There are 2 protein chains.
Amino acid sequence: MQRAATIHDVAAAAGVSRQTVTRAMNAMPGINVDTRERVLAAARELSYRPSRFGRGLVKADHRMLGLVLDDLTNPFYPQLASAVTGAAGRAGWNVVLTDATHAVDREALLADLSRQVDAVIGYLWLDPSVQARLFAGVPVVEIDPIRRQPLNGAVTFDLRPAMRDLVRHLTAHDVRRPLMVDQARPGERSGRAKVFASELERVGLGGDHVSIATGSTAGDLAAIGAALDAHTDADVVLVYNDLLALGVLGALRHRGRRAPDDVRVVGIDGLSIGELVAPRLTTLALDMAEVGRSATELVLGMRAGELPLTGAAVRRKVRHRLLLRDSA
Amino acid sequence: MQRAATIHDVAAAAGVSRQTVTRAMNAMPGINVDTRERVLAAARELSYRPSRFGRGLVKADHRMLGLVLDDLTNPFYPQLASAVTGAAGRAGWNVVLTDATHAVDREALLADLSRQVDAVIGYLWLDPSVQARLFAGVPVVEIDPIRRQPLNGAVTFDLRPAMRDLVRHLTAHDVRRPLMVDQARPGERSGRAKVFASELERVGLGGDHVSIATGSTAGDLAAIGAALDAHTDADVVLVYNDLLALGVLGALRHRGRRAPDDVRVVGIDGLSIGELVAPRLTTLALDMAEVGRSATELVLGMRAGELPLTGAAVRRKVRHRLLLRDSA
DNA sequence: CTGAAAGCGCTTACAG
DNA sequence: CTGAAAGCGCTTACAG
């Protein structure tokens, strides 16, 4: 690759000083029209683009946001990405997208990211000590963090009110045998499953629980089928997320059972795709635009020095809400 | 926001020269262990992070890739994003994601992007003259470009072989009345619709055509319903993309008609979500991993000077293929 | 309207 | 093992 033209080359080609090149390139006032044209022509001729490094060194406002997501093939994350890039873009920020799912060395990947950006939003899933080391001095807003006391900023989700509404809705329709199709490590339960269980218990209901070890779509589908076959008495299935819930709807249909008549099906997330299928998916929905907006506001406020980098002032809570469509 | 610590601050705090700070921060050899520890401690204390601008000015290998997509809420684009970030990440590149859908000033957005990155992949949809101006000297690979002679690099899609396979499959099953549910400007037909029509014609079949003006999901669904009601005699529906095809499946089900028995349904794209629904969606599928890999290889080769920035050497073609699942 | 000087924060040779 | 000098490509005052 041949050396890229610098301001010096353009200045020489146009027979002016570098300062004048700056004036022309940045459309600054106080420059002769002819001179400007001559400079711009030279720049065009040389395919000159000002180095972002030279400029960045001397300009103060850097606006590169790192967004760390987990799996772009689950539409949940793109919806978040869309919300964040939208909110960030309106503030003049660019977004570096990092899908950390398949990273061989997640820590190295995020360390590299932390050097490239001025603020970070996303799913970090790091040990606190590692996080502190990698992102020292960097505004960070975690989405749905694992730990109760997040190290930095955080947008947390509050599933309980919507879950309570759901259980109320279900009991009003005489549901007796709930099944949770979960996604968790063997022997464990997700936070979502726990909230469901506790809300069921509150109204005197029990319920079954199976966990899908997500690896491949085919594997998930097989596991979903097995779970449904093992629990044919379930009258409602709450699924860990909307994507798997679509799989449950498909598996039921494949078995000649219909939602909501034979069994009710409820997802979690609120993906817009749930609107497209039939029956339309009832779900505990998150307003992703709100999540993206909140996270962006927080992290930009932290970056601007208007908010601290840590503590209660940089936490926001977003509630799921029960979105009754057709499947339950 | 308080001024961030620089190499100078760390040097002063540790009582060494800036050069020694560089050695410690970059784990370079030839530095006393105690000195290094002292420097790193000072850096930690000051939350020092080396400026990417200072470093970028003096280091040669810049690896920031701009990815321009159109609408992250259609899973097609995230699948592409996932493929590109994966391929780029393996080469040590970071990806700046730009969702240009809702940009007030698309040209300004892309002009800004072109200053932030070292190479560009994506859906530009610019006039050639504008593209030439904005991306002069920047390696660019367009995905599925509109014009036949793309200005720079390009990964084009070839739908025809898969379409021919589809029509063969359909005629083998005695299909007589095809309907294309298209997405195009009023009075026009998409390239996809044209290929379908010409392949139908080749076997002596005609077909109906309706266009969905996509604006909102609700509007699309209403339009799809109206289209199906107006063409109840159709025995196969080819849909512009998988996302809308899911809507067609839902609308059919809503009307008590079943795929593939009552009417066959075929999408285009090959989204993995088509695997989850029932019936699983038959589609003309694109190998997105291949698309992402090809585009990334091209653009990095261009950047490295191994490939020209324009011409036939920087074009790749990716073929759709008929993916027979359950809906047709 | 134009240019010479200084400096942004780093790293790369080069001395010691 | 450590530091003084030079320079990367820009922009910001400041002179003229």
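Everything numeric in this text was worked out from a predicted model, so none of it was measured.
Listed by first then second residue, pairs satisfying side-chain hydrogen bond (donor to acceptor under 3.5 Å, both in side chains) with a partner in residues 109-123 of chain B read Arg52(A)-Asp118(B), not counting sequence neighbours. Contacts classified as side-chain hydrogen bond (donor to acceptor under 3.5 Å, both in side chains) and involving residues 26-49 of chain A (residues at least two apart or in different chains) are given here: Asn26(A)-Arg55(A). Listed by first and then second residue, the side-chain hydrogen bond (donor to acceptor under 3.5 Å, both in side chains) pairs involving residues 82-91 of chain B amount to none (not counting sequence neighbours). Sorted by first and then second residue, the ring-ring contact (aromatic ring centres under 6.0 Å, His included) pairs with a member in residues 297-319 of chain A form an empty list; sequence neighbours excluded.
Secondary-structure stems of DNA chain C, taken as three or more successive Watson-Crick or G-U wobble pairs (i with j, i+1 with j-1) under a 3.5 Å distance threshold, comprise C:1-3 with D:14-16, C:5-12 with D:5-12, C:14-16 with D:1-3.
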What donor-acceptor contacts under 3.5 angstrom involve side-chain atoms of residues 124-145 of chain A, with partners at least two apart or in another chain?
| residue | atom | partner | partner atom | Å |
| --- | --- | --- | --- | --- |
| Gln131(A) | NE2 | Asn152(A) | OD1 | 2.8 |
| Arg133(A) | NH2 | Glu107(A) | OE2 | 2.9 |

Report summary line: In 5'-to-3' order, the base (B), backbone-only (S) or no-contact (-) status of each nucleotide in nucleotides 8-16 of chain D, using a 4.0 angstrom heavy-atom cut-off, is BBBBBB---
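Close to dG3(C), at under 4.0 Å from its OP1 or OP2, lies a side-chain N or O of Thr20(A).
Not a single side-chain hydrogen bond (donor to acceptor under 3.5 Å, both in side chains) links Asp269(A) to another residue, sequence neighbours left out. In terms of the side-chain hydrogen bond (donor to acceptor under 3.5 Å, both in side chains) criterion, Asn241(B) has no residue partners (sequence neighbours excluded).
Just one of Val120(A), Val96(A), Leu97(A), Leu109(A) meets the side chain to side chain contact (heavy atoms under 4.5 Å, CB included) condition when paired with Val68(A); it is Val120(A).
Atom CD of Glu37(B) is separated from atom C1' of dC1(D) by 16 Å (rounded to the nearest Å).
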